[in-house]
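Heads up: the structure comes next, in C-alpha cells.
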Amino acid sequence: MNYWLMKSEPDAFSIDDLVARPGKREHWDGVRNYQARNFMREMKKGDEILFYHSSCPEPGVVGVAKVVKEAYPDFTDLDPESKYYDPKSSEEKPRWFMVDIQYKKKLKRTVTLKELKQNPQLEGMQLLRKGNRLSVMPVAASEFDAILAMV
DNA sequence: GCCAACGTTGGC
DNA sequence: GCCAACGTTGGC
C-alpha cells in the first residue's frame, strides 16, 4: 500500500464536507497540474491519504481518507461552464484525471504545518520542501505513521 | 495583501 | 530549445 497527501482549501472543500457527502466519498476533481495528475494515476485502491487543509488560518493535516476508485477522466475539463474547463481536453483524449476518495478518520486535532516542520522525523518530506506547491504528493510510510503519532 | 517559488505559455 | 512574461499556489 502507498501513502499520499492531498491538499484542499477548507473554504472550498474541507474534511467535514467529505464526511457530509453520501457514502462519505467524493471525486477529487480540479487537479490541473501534471505532476499531481501523474501521482493520482499511480494511486491504487486502498491507498491511504492524509487530508491537508491549505490556505487557511491553521494549515495542517486534519484527517485520513482512502482511495476507493482509481484514476479516471476528470469530466469537469469538458464543461465550458466549469472553472476547470480545459479546451485542450476531449472525451477521446482526456487530459486530466481524478480519483474517488472515502473518509476514514478525522484527527482529534489538526497537526499543524508548524509542528510538521519541527518534527525531525519529517525532514525531507516533500510537503516541507521550500517552494512546494503540489496539491497531490506521495508520503513515505514512516512519515505517515510519524504524523499520525503526533496527535 | 504581499511575495517567493514555481509551472505554463508563446514568441523567436 | 530558450527564456521572458504571466498566472497560480500558499504561507505569513
Side-chain angles (χ1 to χ4, degrees), chain A residues 2-21 25-43 47-67 70-101 103-140 142-151:
Chain A
N2 286 310
Y3 298 95
W4 308 92
L5 180 145
M6 290 172 118
K7 293 180 188 172
S8 185
E9 298 184 18
D11 284 350
F13 188 76
S14 71
I15 185 89
D16 293 325
D17 292 327
L18 180 61
V19 173
R21 286 291 190 268
R25 56 186 279 170
E26 182 62 299
H27 51 271
W28 204 265
D29 62 359
V31 171
R32 294 293 179 269
N33 169 286
Y34 290 105
Q35 231 184 318
R37 177 202 69 181
N38 294 344
F39 284 138
M40 282 202 295
R41 293 208 285 206
E42 289 177 31
M43 289 182 183
D47 282 0
E48 297 199 345
I49 299 159
L50 295 173
F51 199 111
Y52 179 92
H53 281 173
S54 68
S55 296
C56 55
E58 199 177 48
V61 175
V62 293
V64 180
K66 65 181 176 186
V67 176
E70 293 175 13
Y72 60 105
D74 178 347
F75 48 78
T76 63
D77 69 8
L78 299 175
D79 176 7
E81 300 299 305
S82 169
K83 70 170 179 172
Y84 299 124
Y85 177 59
D86 183 349
K88 290 178 184 157
S89 187
S90 66
E91 216 162 323
E92 303 74 46
K93 260 193 109 182
R95 170 172 291 213
W96 302 111
F97 287 78
M98 58 188 175
V99 295
D100 287 2
I101 71 163
Y103 173 83
K104 208 165 168 215
K105 69 169 168 182
K106 186 172 168 178
L107 304 187
K108 289 199 192 84
R109 61 177 192 85
T110 301
V111 176
T112 65
L113 177 60
K114 194 179 168 197
E115 292 175 81
L116 296 176
K117 286 176 177 168
Q118 288 165 353
N119 186 336
Q121 290 175 278
L122 301 177
E123 257 179 305
M125 194 185 172
Q126 190 157 353
L127 176 76
L128 305 180
R129 281 186 212 150
K130 198 175 175 184
N132 169 67
R133 299 185 313 165
L134 268 183
S135 64
V136 178
M137 69 188 82
V139 174
S142 59
E143 294 165 349
F144 185 90
D145 292 340
I147 290 169
L148 294 191
M150 290 168 74
V151 179

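The model shown is predicted, which means the values in this text are computed figures rather than measured ones. Letters go in sequence order (proteins before strands), and every chain restarts at 1. Side-chain atoms are counted along with the backbone in the values below, which use heavy atoms only and exclude waters and symmetry mates.
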Check the phosphate of [N] against [X], side-chain N and O only, distance under 4.0 Å to OP1 or OP2. Yes or no?
X	N	answer
Lys130(A)	dT9(C)	no
Lys7(A)	dT9(C)	no
Tyr34(A)	dC6(B)	no

Interatomic distance where [atom1] belongs to [X] and [atom2] belongs to [N] [whole Å]:
X	N	atom1	atom2	value
Asn132(A)	dG7(B)	CG	C1'	13 Å
Gln126(A)	dC6(B)	CD	C1'	13 Å
Arg129(A)	dG10(C)	CZ	C1'	17 Å
Asn38(A)	dG7(B)	CG	P	13 Å
Asn33(A)	dG10(C)	CG	C1'	14 Å
Arg133(A)	dG11(C)	CZ	C1'	13 Å
Leu116(A)	dG11(C)	CG	P	11 Å
Met137(A)	dC6(B)	CE	P	13 Å

Residues [X], [Y]: salt bridge by 4.0 Å N-O rule:
X	Y	value
Glu26(A)	Arg21(A)	yes
Lys117(A)	Glu123(A)	no
Lys106(A)	Asp16(A)	yes
Lys88(A)	Asp77(A)	no

Next on the checklist: Just to be sure I understand the rule, does Ser54(A) reach a base, reach only the sugar-phosphate, or reach nothing, if contact means heavy atoms closer than 4.0 Å?
Outcome noted: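 Sugar-phosphate contact only - Ser54(A) comes under 4.0 Å of backbone atoms but never of a base.
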Next on the checklist: By the 4.0 Å heavy-atom rule, please label Lys114(A) as base, sugar-phosphate, or nothing.
Outcome noted: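 The residue Lys114(A) makes no contact with any strand.
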Item to check | Tyr34(A) ring center within less than 6.0 Å of Trp96(A) ring center | outcome: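 Yes: the rings meet the under 6.0 Å criterion.
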Checklist entry - What nucleotide among dT9(B), dG10(C), dG11(C) has an atom nearest to a side-chain atom of Lys88(A)? => result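 Of dT9(B), dG10(C), dG11(C), dT9(B) is nearest to the side chain of Lys88(A).
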Checklist entry - Can you tell which of dC12(C), dG10(C), dG7(B) lies closest to the side chain of Gln35(A)? => result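 The answer is dG7(B), which lies nearest to the side chain.
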